[in-house]
Every structure is written in structure tokens, then in C-alpha cells.
Amino acid sequence: MVESRNGTGAAARRSEPRFVIVGAGMAGVLSAIKLQDAGFTDFTVYEKADRLGGTWRENTYPGVACDVPSHLYSYSFAPNPDWSHVFSPGDEIWEYFEEVARRYGVEKYIEYGTEVSRMQFVDGSWHLETAGGQEDRADFVIAATGVLHHPAYPEIEGLDRFAGPMFHTARWDHNVPLAGQRVGIIGTGSTAVQVVSATVDTVGELCLFQRTPQWILGMANPPIDDGQRQQYRADPSAMQALRSELSHTFEDNFANAVVDAGSPQLKMLEDLCRANLEDNVADPALREKLRPDYRAACKRLVVSPDFYQAIQRPNARLVTDGIRRVEAHGVRTADGQLHELDVLVLATGFRVDQFMRPIHVVGRDGVDLDDVWAERPSAYLAISIPEFPNLFMLNGPNGPVGNFSLIDVAELQFAYIMQLVDLVCSGQARQVSATSAAAARFETERVEAAKRTVWTTGCRSWYLDDRGVPAAWPWGFDRFREQMARPELGDYELV
Ligand code: NAP
């Protein structure tokens, strides 16, 4: 439909739509495979880095793993018989995405080292510019830019004065040796917990700076033995059966539990977390320091088979006094003590309100996304923004991020998006975007439903936006699946 990027004028015009996918992480690779499956060939995936893999390329810290079981955290169409563990390590997951991209032949669509810096909807198509000055046009843009993507650096006085190596977990510096070093870790989220367990036996001293304790679900992570892997290879249907069983378990016990603060499943999770703490921390004083004063799963639940064991090693210390400032040789806490350190690790999470930004996105009639999202990001069903036609997001704002496989989420979203694309391809419309009324109604319903979730029961977490409203899907997964089955056309403006 638009002139081909490589075209030379009218002769190069084509009726096949052109797509641009932004980002070659899990969702971008999925989009490329699905577009190709659907018979589309005119598309490019722009990836700013030099390899695909998104969060799994960026997070290489020791102990990185996924807390969704690997046989569920895989594309539904590409089960992997070779997962090494129930919760496989990050480098294996990264390799999986690279291998699937190769197997499905979509690497050829990816332009690495190309960062989209601006996109504007002009005369019925998206005009894109890259940081390197390249230009492109597309009928459709699929933003697969990720959620936990921009590292959050803490506002702590003196951070820049630390004399030793200091880095965020998503920018791990593997050139820094840890053996025998005094290592400080700031944060107690999923990332910090994994780093602590993975490094405590290597470092000389480990000092964990805890601002808020976390509830921890003690799930074991056994290896998957050779015999089982061979069985999966010989009979892939066994993997599908396992996937569907895991999916039900996750849906019932996690995804649906957290959106109903009064559910018996949530009570069960709370009991399990409490028992994990009581049973596995021997020293009563340490146990109380590690005991949260809010409900389990209010913050995103941390899953670890061995964090409590790690923090009780003789060379590990839990510091609960607030951080006053960072100094050249360590961290000084509110009690005046200087905790001397050689290396400082910031496990301080991500800025979760960015999504496509910092790309400068301008929609129909010059509407600027920075203005639309000035207060906070939002999108109808996490996918479409009024006045930004033919631009669709995967894992966009306020989607289902609560303890569920984002792969399943993205697959359902993509199938939904393709139905919107079909409206254009079949000539029913040229431009598709959610109506303002639908987006406003969705937001009102979402905010109301969020009051029943465990996320609003009294804790600080990355789920909460500037108003204290969880920036997440506040309903069960069934509702998400139902809503993704078919777009409600009355909620869309078709031009
Ligand atoms: P996070 O959950 O946002 O945790 C950030 C930690 O840094 C919190 O403990 C926070 O304390 C602390 N912090 C931030 N600023 C601080 C400051 N100025 N002073 C002291 N402490 C400060 O980040 P994350 O651990 O990277 O995890 C983010 C999300 O990534 C997870 O919730 C999960 O969705 C995903 N993740 C998943 C896995 C997995 O296994 N699948 C692994 C890693 C990450 P407060 O609690 O007091 O705010």
C-alpha cells in the first residue's frame, strides 16, 4: 500500500501492506513469525541493539532466570524439549528466542543497530525516522518495545561518588570480578533475590540493602533430566499437555488470585510465603527483619528456592537501616555506619511508564503521544490509542503483567491485532484506532476493578502509578482471553 522503502516510485507501489515492528524481543520475534505465517512479506523489525532477545539480552546478571516455568514461558507453537530446568536460566531463554527466530527464518527481517527515534502518522501512513537518519514508511506499526526496559536509577545522594565499579543489574559489567570482593546490593525485588543467591558463595562479603522486605515463595527449581527431555522430543504432545496444565495452574493460583484480594488462592499463597519464612530463617531477629508488614503478592511475588539460605550465609549481611548516602568507599546508612564496599550493584528495578518512549510518536492531525501520555500511559485494552491509527502495542500499558506468562499475553494480543489489520486489508477501513469513548470507559472500569486487587492493599510497588492505581489488568485471565478473541468493533473508529 505505501511505497516500498526500497522502491523507486510508482512502479514500486504495491497493494500488500507494509509493517514495521519496533523491537526484536520476545514480542517482536513473535510478530515477525506470525506476519510471515499470515503471508505478509513486506515488513521490517527495527532493533536498536545488535542482537535480538529483549529483556533476556539485557539482563545477564548472575542468577537471572524466569519465574514462570519454562514449558509455559515458551511460544505455544514452538515448545522446547531441551529446557534444562523447571525455571530455566536467562541465557537459555535468550538462546531459545534466537533459535526460534532462526528456525522460522525471520532473522532476515530484523535490522539491527537501528533505533527508531520518531514516527508520525501523515496522509494515512506512518513515517518513521531512525536515530541514524534512515527513513521508512509503513501502513501498520507494531510496538513491541517491552515493559521492564528502562533501568531505574535510585535517587541516592553521592551515587556518582562511589570509587569502585557500580552498575544496574540490567547493565551488568561482567568484566568486574566478584570473587573475594565486598559487594553491596541495593534492592530486594525478584532481581536482587536472584543475584544474592547466585553470588553469595563467590563474593567475600555480601551486603544487601533492604528498604522493604519481600514475601518470598519458596518454589524448588529441579533440573529436567535427560530421560524426560528425550520423552518430550519423542512425543511433543506431552509438552503441550504440560504447558496447558501449567497454564491452568498459573491462571488459577496466581493470575486470578492476585486480582481478588479475598480469594482462597491468595490466602494459600500468603500461607506458603509465611511458612517459607518461619521454616527457613533460624534467627528470630533476622526473621523479623525479613517479615513484610503488607500482604503477600501486594508487591509482585518473589519466587526463590534458596534466598533465605543465601542471606543466612556467614558472609552475608542484611542491612535495614535506610541509606543516607553513597560515599567513595561504601554506603553510609542512617545510623551513621559506613558499610565499606568494593562493588555496588543497583537492583533497583525499571521505569515502567515508558513503553514506546523515548520514540517521539505523533498521531493523526499532529496529536503528540507525549501530550496524550503526559500524566501516565494508557491504551484501550493495552493495545490501541485514540488518534494513533494502525499503531498497535504488544504488552502495552495496563495489560496483564501480574504473575503470568507475557508470551501468552502477547500471542493473544497479536491474534486480536491481526483482526484489526484485516479490517484494513479487506477494505472495510483505511485507519483503525480505538475511540476516545471506548478508551475512557475502559480506563474507568479498570480503575474501579483495581480496587479489589491485592496490589492496592497497602504497599509500594512498580505496579502502582502516580495515583496509586495499579497499572495492570485488574481482572482474571479468562476475561482477557475473551476480550482478545474478537474486537468489539463499536469501540473502534474506522476511517
Ligand atoms: P523491583 O521489583 O522494582 O525492585 C526494586 C527494588 O529496589 C525494591 O526492593 C526497591 O525497594 C529497591 N529500591 C528502589 N529504589 C531504592 C532506593 N532509592 N533505596 C533503596 N532501595 C531502593 O525491580 P526488580 O527486582 O528488577 O524486578 C522488577 C520486575 O522484573 C519483577 O517484579 C518481575 O516482574 C521482573 N523480574 C522477573 C524475574 C523473574 O524471575 N521472572 C526476575 C527479575 C525481574 P522498595 O521495595 O522499598 O521500593
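Indexing begins at 1, ligand by ligand and atom by atom, following the structure's order. Positions are given from 1 along the sequence. Because only heavy atoms are used, hydrogens play no part in the values below, and waters and symmetry mates are left out as well, while side chains stay in.
- No heavy atom of Gln210 sits closer than 4.0 Å to any atom of ligand 1.
- In this model, no donor atom of one side chain and acceptor atom of the other lie less than 3.5 Å apart for Ser378 and Glu443.
- Residue contacts with ligand 1: Ile186 is placed with no nitrogen or oxygen under 3.5 Å of a nitrogen or oxygen of the ligand (distance criterion only).
- For ligand 1, none of its N or O atoms has an N or O atom of Gln214 under 3.5 Å away.
- Neither the backbone nor the side chain of Phe209 comes within 4.0 Å of ligand 1, counting heavy atoms alone.
- To the nearest 0.5 angstrom, Met268 atom CE is 4.5 Å from Asn253 atom CG.
- Residue contacts with ligand 1: Trp462 is placed with a nitrogen or oxygen under 3.5 Å of a nitrogen or oxygen of the ligand (distance criterion only).
- Here the side chain of Glu92 pairs a donor or acceptor atom with the backbone of Ser84 at under 3.5 angstrom.
- Under 3.5 Å, the side chains of Trp94 and Thr60 contain no donor-acceptor pair of N or O atoms.
- Distance from atom 18 (N) of ligand 1 to its nearest protein heavy atom, with residue and atom name: Pro154 CB, 3.4 Å.
- For atom 12 (C) of ligand 1, the closest heavy atom belonging to the protein is Gly187 CA, 3.7 Å.
- From Thr453, atom OG1 reaches atom CG of Asp260 across 9.5 Å, with rounding to the nearest 0.5 Å.
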